[in-house]
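Residue numbers start from 1 in every chain, and the chains themselves are labelled A, B, ... in the order their sequence lines are given, proteins ahead of strands. The analysis underlying the following values was restricted to heavy atoms, covering all of them including side chains, and did not include hydrogens, waters or symmetry mates.
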Amino acid sequence: MPRYDAKRIEEKWQQYWDEQNTFVTLNSPQAGSKGKMYVLDMFPYPSGSGLHVGHPEGYTATDIVVRYSRMQGKHVLHPMGWDAFGLPAEEHAVKTGTHPAVTTKENIATFKRQLKMLGFSYDWSRELSTTDPDYYRWTQWIFLQLFDTWYDATCEWTGPDGVQRTGKGRPISELPIPEDVTASGEEAVRRYQDAHRLAYVSEAPVNWCPGLGTVLANEEVIDGKSERGGHPVQRLPLKQWMLRITAYADRLISELDNLDWPESVKLLQRNWIGRSVGAEVDFLVATPGSTFDAWKSQRAASGLPATPESNVLRVYTTRPDTLFGATYMVVAPEHPLVDQITTDAQRDAVHAYREKAALKSDLDRTDLAKEKTGVFTGAYAINPVNGEEVPIWIADYVLISYGTGAIMAVPAHDLRDCEFAEKFDLCMNWVVEPPEDYKYTAEELALPQERKQDTYYPFTGHGTAINSGEYNGLPTAEFKHKITAELTAAGLGRQAVNYKLRDWLFSRQRYWGEPFPIWHELDADGNPTGLMRADEPADLPVLHPHMEDFKPTGTPEPMLSKATADWLYKTADDGTQLKRETNSMPQWAGSCWYYLRFCDNKNGEFFIDPELEKYWLPVDLYIGGVEHAVLHLLYSRFWHKVLFDRGHLTTAEPFHKLVNQGMILGENNEKMSKSRGNVINPDDVVKDYGADSLRLYEMFMGPLEQVKPWQMKGVEGVFRFLGRVWRMYVDDAADDVVLSDAVQDIPLTEEQERVLHKTIKGVTDDIERLAFNTAISKMMEFTNFFTGVSPRPKTALEPFALLLAPFAPHIAEELWSLLGKADSLAYAAWPEYDAAKTVEAEAEIPVQFNGKVRCKLRVPQNADKETMQSLAEQNSEVQKHLEGNSVVKVVVVPGRMVNFVVKPN
RNA sequence: GCCGAAGUGGCGGAAUCGGCAGACGCGCUGGAUUCAAAAUCCAGUGUCCGUAUGGACAUGUGGGUUCGAGUCCCACCUUCGGUACCA
């Protein structure tokens, strides 16, 4: 009995596709091709535990689009690869001594077997791994591009995409060198250049994670713990590689606009970059030697200096309109002015506070976020708008790394300042009157009217200026504008833009990552001079040194520093002793540009052939998890823009359309995890039901983007559906797999034709809008209809096999060949429909009375309003309902409904 | 706290433009087939009232707009995700 045998069919067709190279994509489009289509999955990290059911969700979605596009005649690029550098393989090496390269190779083999088992139509000839020397050679090369680039923020230019931009990454050789630097000699010039590169070394407090034995990017630290493993993270000042992503902050925000991405992801990126526009304002520190008026007139004459004088505190504020409400100042504990301004009386307290703040880890700082702390420095600053003296405090709620590391505090109009003022009993000054429709909080409402202006509940919104001298009565926005202009004219301030985004900490202390193509110069004593040399592109790749021992050093000293001397040292042609950079790159490096390499993965001359980049990019559809909404997608865009600026790419953005698939939860509605014991293994599902059922089920569960729980009963449901499809074609009672006698070359009845055309239309439209769940339900309806029909016309079953193919390709191929077709259906033409044949000549429409459906009426599909109304009025059922009522109004929607608005007589 | 997404039968979900709420699937009930089971097929299945024709109530809650609201507006509640002193 030839039951639906998924295993037999799937093995047969997977072998066929492999042998026939069905899905290999040539770089030159076939004749008659209807344009290119680059569809990309976020490539997986090949972990030891194999594929998770979350992987096939996105991968099936892209596979459907891709198979559909091929049948539409598109020239399709659909590759797969491995994001294979990373900690787990190295941790495994520490435990077992197995080299990470070996573990990686094994894991990739498992992942590849599993992906092939699911019948995804990848062009495996384009497979790549970020750990291939042929691949990371170009990762290192791109790093050298970053190293060779500085950002010219004022450069006006038009890119190959025809868009005019301000700001461009340019070769470091074009960096203008100030004369005094040139005068100081070659070394000074080199240091000046190094300080302007997009890839630079900086000594700054970084996130050191002893548990992982590496430093982490801000993005990888969550609540003071590592994103991976949840180990505590400390702040340590270390020399690290940074990438100047902040230079691109504005472009990373503005160029989001034209992308077909979910608005929520765009917003996430905008918030992460966190652009704010405000003003920098200078406050003179009150010292015996200087007078406010003299300083002011001096400033009026000379303008605002680039860096303030040593007795001036520069603050950043987004609310310059609240300057009259500034009743104290706060500087970060690390602020360089602290030592100088602190009075002797306060010195001990300030010193103690700074010591304590320095020791606090990020975790401590967030834990104690609610309780404000701080110490008075004993110093006073003079408010430039009214000459009033206000005390200067230090507190760790002001961050040294944002703005100027100092603020003017306006407790009446800022929640944090208010909390601080409340705790230390500092005075408040209301300078913004809330608008009339402002809704007070419950606490505020309880206060008597006259108390509302000195309550401890700050008003942080926009309103009208009060207690602000000549500015009284100005609306907030106007006031901001006006005072910024006036401060600028007086040389006391200027407009300023700030970002939450920080430069990207790009070095790690691990073995299993790309080594840097950088050498450090050593002096005669073997100490680094701080000067660097880059490897020549011809020297790439920089391979990993051979190592036996993968134990972490336990200190921030990188793993690669344990390499042998022949890897670590060399003598340059000019005799200079050089030591290799021993940090490695983070896992993000490889995933920043893999979509480029897929276009041209075997190119030994360049990272991508310019013609191929022009042809294939941008990626037309990119599907992956939301977890990469800020990290991978921001980093990729940044690298892409640098390569664009340097003339290596013609597109400014890598990914045109982005879709995030929703997470699949366990059957208990919780996140799948080993510890919860609710993990579903795709291998088991395929073993029991087959790949087609797994694919179909994951698409049938619900909308792609939605979070949804797994239900094994649902897999059974789609498996039953495929069984029904099978029996619609195949003679279940025969000994061999043969077409059923009921399948005949006969014409379609009108109804059958309508069902067919409706199904083709429905499935086509649904694929176009990525609504795979409803596409499948339409195919189920087709099957329910045609299994009840005998004989069954071939002219309906042939196109149906094609409709099913993107979703369940194995069974579709089998049915196609049973229908007598010699070739794979992978490139068969997608069925077309006739819109006129999708609708019945007559439609049954509801007749409503006062909006309630009371009876049904059959009307011609194309009936106009008047016809419909008169047909309704003639209907006996309708007349019954009209009895005893008078008609006030009749609403008719052609082809949809008739509504009588009636009133009892 | 702030930002974002979402709340529809016993469950997953559908309703694409304001026009028959609950498509499709799961589950459940009854039946056919069978010695029996599995598999398969057929019928039914939002809640309440009613023998029934039928009626009332139903898309988180409360209001509103409209001939008509799951869909639009206002307020609130709940869940999930992001973020956290960014001045």
With nearest nucleotide decided by heavy atoms, which residue, A:Thr774 or A:Ser401, maps closer to the 5′ end of RNA chain B? A:Thr774
RNA chain B: 5'-proximal contact among A:Phe700 and A:Thr787 (nearest heavy atom): A:Phe700
Taking syn as any angle within 90 degrees of 0 and anti as the rest, which one fits B:G9? syn
Within 90° of 0 counts as syn, otherwise anti: where does B:C17 fall? syn
When you measure from the side-chain N and O atoms of [X] to the phosphate of [N], is any distance below 4.0 Å, counting only OP1 and OP2?
X	N	result
A:Ser276	B:A87	yes
A:Lys852	B:C57	yes
A:Lys708	B:G12	no
A:Asn850	B:G68	no
A:Arg727	B:C41	yes
A:Gln706	B:G13	yes
A:Arg720	B:C24	no
A:Arg896	B:G68	no
A:Asn660	B:A5	no

Measuring from the side chain of [X] (C-beta onward, heavy atoms only), which nucleotide among [options] has the closest atom?
X	options	result
A:Val893	B:C26, B:G19, B:A87	B:G19
A:Tyr397	B:C85, B:G19, B:C20	B:C85
A:Met780	B:A87, B:G25, B:U83	B:G25
A:Arg724	B:G12, B:C26, B:C41	B:C41
A:Val853	B:A23, B:C20, B:A14	B:C20
A:Glu781	B:A39, B:A23, B:U16	B:A23

Mind checking if [X] touches a base, just sugar-phosphate, or nothing, with heavy atoms under 4.0 Å?
X	result
A:Asn784	sugar-phosphate
A:Met897	base
A:Lys500	base
A:Gly717	sugar-phosphate
A:Arg854	sugar-phosphate
A:Gln848	base
A:Asn498	nothing
A:Leu268	sugar-phosphate

If you measure only the distance, is there a donor-acceptor pair under 3.5 Å linking the side chains of [X] and [Y]?
X	Y	answer
A:Thr838	A:Arg754	no
A:Tyr402	A:Ser276	yes
A:Glu873	A:Gln869	yes

Between [atom2] of [N] and [atom1] of [X], the distance in whole Å:
X	N	atom1	atom2	value
A:Met699	B:G13	CE	P	14 Å
A:Trp726	B:U40	CH2	P	16 Å
A:Glu844	B:G19	CD	C1'	15 Å
A:Asn271	B:G1	CG	P	18 Å
A:Phe785	B:C24	CZ	P	14 Å
A:Asp765	B:A15	CG	P	12 Å
A:Asn899	B:A69	CG	C1'	13 Å

Under a 3.5 Å limit for both distances, which nucleotide forms a Watson-Crick or G-U wobble pair with [N], could you say?
N	result
B:A56	B:U47
B:G10	B:C26
B:G70	none
B:C41	B:G31
B:G18	none
B:G81	B:C3

Could you measure between the two [atom1] atoms, the one in [N] and the one in [M], and give it in whole Å?
N	M	atom1	value
B:G19	B:U66	C1'	12 Å
B:G54	B:A36	P	39 Å
B:U53	B:C28	P	28 Å
B:C76	B:A21	P	31 Å
B:G46	B:U29	P	16 Å
B:U61	B:A15	C1'	23 Å
B:U59	B:U71	P	9 Å
B:A43	B:C48	P	25 Å

Please report the C-alpha distance between A:Arg3 and A:Asp732 in whole Å, then the side-chain angles of each, then the deciding distance to 0.1 Å, and finally whether the salt bridge (charged side-chain N to carboxylate O under 4.0 Å, His left out) criterion is met. CA-CA 6 Å; A:Arg3 284 252 189 88; A:Asp732 215 7; 5.5 Å; no
Taking A:Tyr697 as the fixed residue, which of A:Trp710, A:Phe719, A:Phe807, A:Phe772 is the one that meets the ring-ring contact (aromatic ring centres under 6.0 Å, His included) rule? A:Trp710
Can you list the steps and then say if A:Thr373 with A:Tyr353 is a side chain to side chain donor-acceptor pair (under 3.5 Å)? CA-CA 9 Å; A:Thr373 59; A:Tyr353 185 79; 2.7 Å; yes
Centre-to-centre under 6.0 Å for A:Phe786 and A:Phe800, is that the case here? no
Pair A:Phe420 + A:Trp393: ring centers closer than 6.0 Å: yes
Test: A:Arg270 and A:Asp257 ion pair at under 4.0 Å: yes
Would a 4.5 Å heavy-atom cut-off, applied to side chains only, mark A:Tyr397 and A:Asp417 as touching? yes
Could you check whether the side chain of A:Lys778 and the base of B:C24 have a donor-acceptor pair of N or O atoms closer than 3.5 Å, going by distance alone? no
Taking N and O atoms by type only, does the side chain of A:Lys856 place a donor or acceptor under 3.5 Å from a partner on the base of B:C20? yes
